[in-house]
Amino acid sequence: MFLLEAGQAALTKIDTQYPYRKPDFYQSLRESQLSQQMWWYDYISNAYYLRPNSVNVYASGYAIYSIPLLVRLGVKEINLYDYDKEICDINWEISYYYQDRAKINIHLMDVVFDSPWIDKSVDLVLNTSCEVMYDFRKMRSEYPKETKFILQGTNMPHIGNINLSADLDSFVLKSGLIDIDWEQTVVKDGYERYMVIGS
Amino acid sequence: MVNRIVAMRWGKVYTDEHVNKLFDQINKNCSVPFEFHLFDNLDNDRWNMAQKKHFRGLDDPDQRAQGAWGDFERDDCGGLTHYRKLLMFAHDLDAYPIQNTTKWVITEWDPSDRILYLDLDVLVLKDLSYFFDLDDSKPWIVKSYWFDGMREEGEWQRQFHLRRCPYFNSSVLTWKPGQNRPIYDFIDQHLDEVFFTYGVNDNFMFHLFGPWAYEEKRREHFNVYPPGVITSHQYTPNERGIIHSFEGMSIAEKNEALKCFY
């Protein structure tokens, strides 16, 4: 599932062009990052009704986990959005090794301020970083009613986290989702992480 | 075509003494004719309400000093500190009462005029005519070269997604009337999102009007002054550009540093 060549290509890109990004690339490989991705992956794997063909991934970060997981789920079109140009460049290297299995597009965009230019015709929107951006409800309102959303957020103060939720209810309220399929809180190191799925 | 040198003041931190000191320095260091203007307590009710609504910190939303502010660091507090600077971009062509050194006048600046903005706490050390000779096809802004590999490689790139280390600094700006109106209009159209997301106006401009902006008309909106034109006391205290800036320093630190110069 996780192609070694993709990881090697990302590291080669970093070594040759962006050596100062190595620490934060390694951070993205941590167990906590993998478990955030596995959380939504496990849900979709078991949700008979959810078989998205196309997915928008907001604030994708290094997509070392999300690309192979979505490909394994049979997603045929993956759109990654991030406003960090170097992360986008590194994601191009990762995506190259999966392009025979899915069409992967990488967009250097701010999902909040460049929202008018985002393709809204996808089946699913995945955002595991709601805590770093404005309330999702406005972005949700721009999609068709039937689009599914998988959103994660947290109450953990951390550099760059500008949108903390006090609890799951407040996170769901900020999401703008009305028909909730599933919601859950997990606690780790004294902080809560939330996930809500719905439309 | 008139060369206009402008400053801005709001609240109670900067007094007439600060304004007069800056004017004296300008007068001694500008070899071309100019008019000096002070935007005094310029504000916008909608923007002010947006700051109050979205600021997540504990103290004064217009304080720029770093440090923890309850659960959030300053850059993560929202509130767009020093947003009033960006209001100038809506008032450089519109009729607005402004104060020159002797009287109130109502004026509409001509699109061919050139505007040089200076923070009240900068030091003018050399001839300001340099700024009026720059190519005026785009506005100009300070580049924080100390974030561009001077201190640490890749510092601004690594911290871009954390909204830190913007390599724009608005302590000195050059533009023609109307050139920066798109910045004002963008904020006005995205008021809640901007004031929620950005704690600092320089971070906002760097993200939405800088090298990585998505929309072509916003990307690379500014030219940046070459190295050495504006120097920073906090990062390069021994260098002396045309303008020496005290950005990022607290009022007490600035006053202490200024003793070396006066």
Side-chain angles (χ1 to χ4, degrees), chain A residues 14-15 17-28 58-62 81-91 106-118 129-139 142 154-166 174 191, chain B residues 50 53-57 66-80 147-149 151-165 186-187 189-200 203-219:
Chain A
I14 290 170
D15 278 340
Q17 290 190 24
Y18 310 122
Y20 43 82
R21 300 304 297 248
K22 207 177 273 190
D24 64 60
F25 179 74
Y26 284 145
Q27 287 280 337
S28 77
Y58 278 19
S60 66
Y62 298 104
Y81 295 91
D82 203 288
Y83 66 7
D84 184 317
K85 182 176 182 301
E86 293 178 351
I87 282 178
C88 288
D89 284 351
I90 293 161
N91 281 342
I106 295 167
H107 306 275
L108 175 63
M109 289 170 91
D110 182 315
V111 295
V112 173
F113 296 103
D114 299 323
S115 183
W117 295 278
I118 291 177
S129 304
C130 291
E131 64 272 10
V132 305
M133 63 180 75
Y134 186 66
D135 285 358
F136 197 80
R137 103 186 86 216
K138 179 165 184 279
M139 289 173 268
E142 294 167 357
T154 183
N155 69 348
M156 185 178 80
H158 187 270
I159 185 171
N161 286 1
I162 61 171
N163 196 347
L164 305 181
S165 298
K174 287 198 253 191
Y191 290 104
Chain B
K53 178 180 173 188
H54 293 300
F55 178 63
R56 295 179 287 280
Q66 288 298 337
W69 293 71
D71 278 347
F72 300 95
E73 293 198 353
R74 184 62 189 92
D75 293 281
D76 297 329
C77 275
L80 201 67
F147 290 156
D148 194 22
R151 293 192 309 176
E152 194 179 315
E153 196 196 1
E155 188 168 1
W156 74 259
Q157 295 95 324
R158 280 188 304 103
Q159 302 207 54
F160 185 88
H161 69 282
L162 299 173
R163 300 182 196 92
R164 276 148 175 83
C165 283
F186 186 93
I187 298 174
Q189 287 155 20
H190 302 88
L191 209 59
D192 285 319
E193 294 92 319
V194 171
F195 275 85
F196 181 94
T197 305
Y198 290 98
V200 178
N203 284 342
F204 157 74
M205 286 199 288
F206 185 51
H207 275 209
L208 279 309
F209 289 85
W212 290 357
Y214 171 72
E215 246 192 308
E216 200 175 331
K217 64 180 182 182
R218 286 191 274 118
R219 194 181 318 130

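Lettering of chains follows the sequences in order, A, B, ..., and the numbering in each one begins at 1.
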(message) As an exercise, state the distance from CD of B/Glu193 to CG of A/Asp135, rounded to the nearest 0.5 Å.
(response) 10.0 Å
(message) I'd like to know if the side chain of B/Asp76 reaches the main chain of A/Ile162, judged simply by a donor and an acceptor atom lying under 3.5 Å from each other, with no hydrogens or angles considered.
(response) no
(request) Find the distance between NZ (A/Lys85) and CH2 (B/Trp212) and round it off to the nearest 0.5 Å. (result) 7.5 Å
(request) Check whether B/Phe195 gets within reach of chain A through its side chain, its backbone, both or neither, counting any heavy atom under 4.5 Å. (result) neither
(message) For a quick test of reading the model, state the closest non-hydrogen atom pair linking A/Met133 to B/Phe196 and the distance between them.
(response) O-CE2, 3.9 Å
(request) Could you grab the distance from atom CD1 of A/Ile159 to atom CD of B/Glu73, nearest 0.5 Å is fine? (result) 5.0 Å
(message) Quick check: closest heavy atoms across A/Tyr83 and B/His161, and the distance to 0.1 Å?
(response) OH-O, 3.4 Å
(message) Set out, in order, the CA-CA distance, both residues' side-chain angles and the distance that settles side-chain contact (heavy atoms from CB on, under 4.5 Å) for A/Trp117 and B/Glu215, then state yes or no.
(response) CA-CA 9 Å; A/Trp117 295 278; B/Glu215 246 192 308; 3.4 Å; yes
(request) Describe, in one word, how the ring planes of B/Phe186 and A/Phe113 are oriented to each other, choosing from parallel (under 30°), tilted (30 to 60°) and perpendicular (over 60°). (result) tilted
(message) Which atoms of A/Asp84 are under 4.5 Å from chain B, going by heavy atoms: the side chain, the backbone, both sets, or neither?
(response) both
(request) Identify which part of A/Pro19 has an atom lying under 4.5 Å from any heavy atom of chain B, answering side chain, backbone, both or neither. (result) side chain
(request) Can you tell which part of A/Asp82 gets under 4.5 Å to a heavy atom of chain B, answering side chain, backbone, both or neither? (result) neither
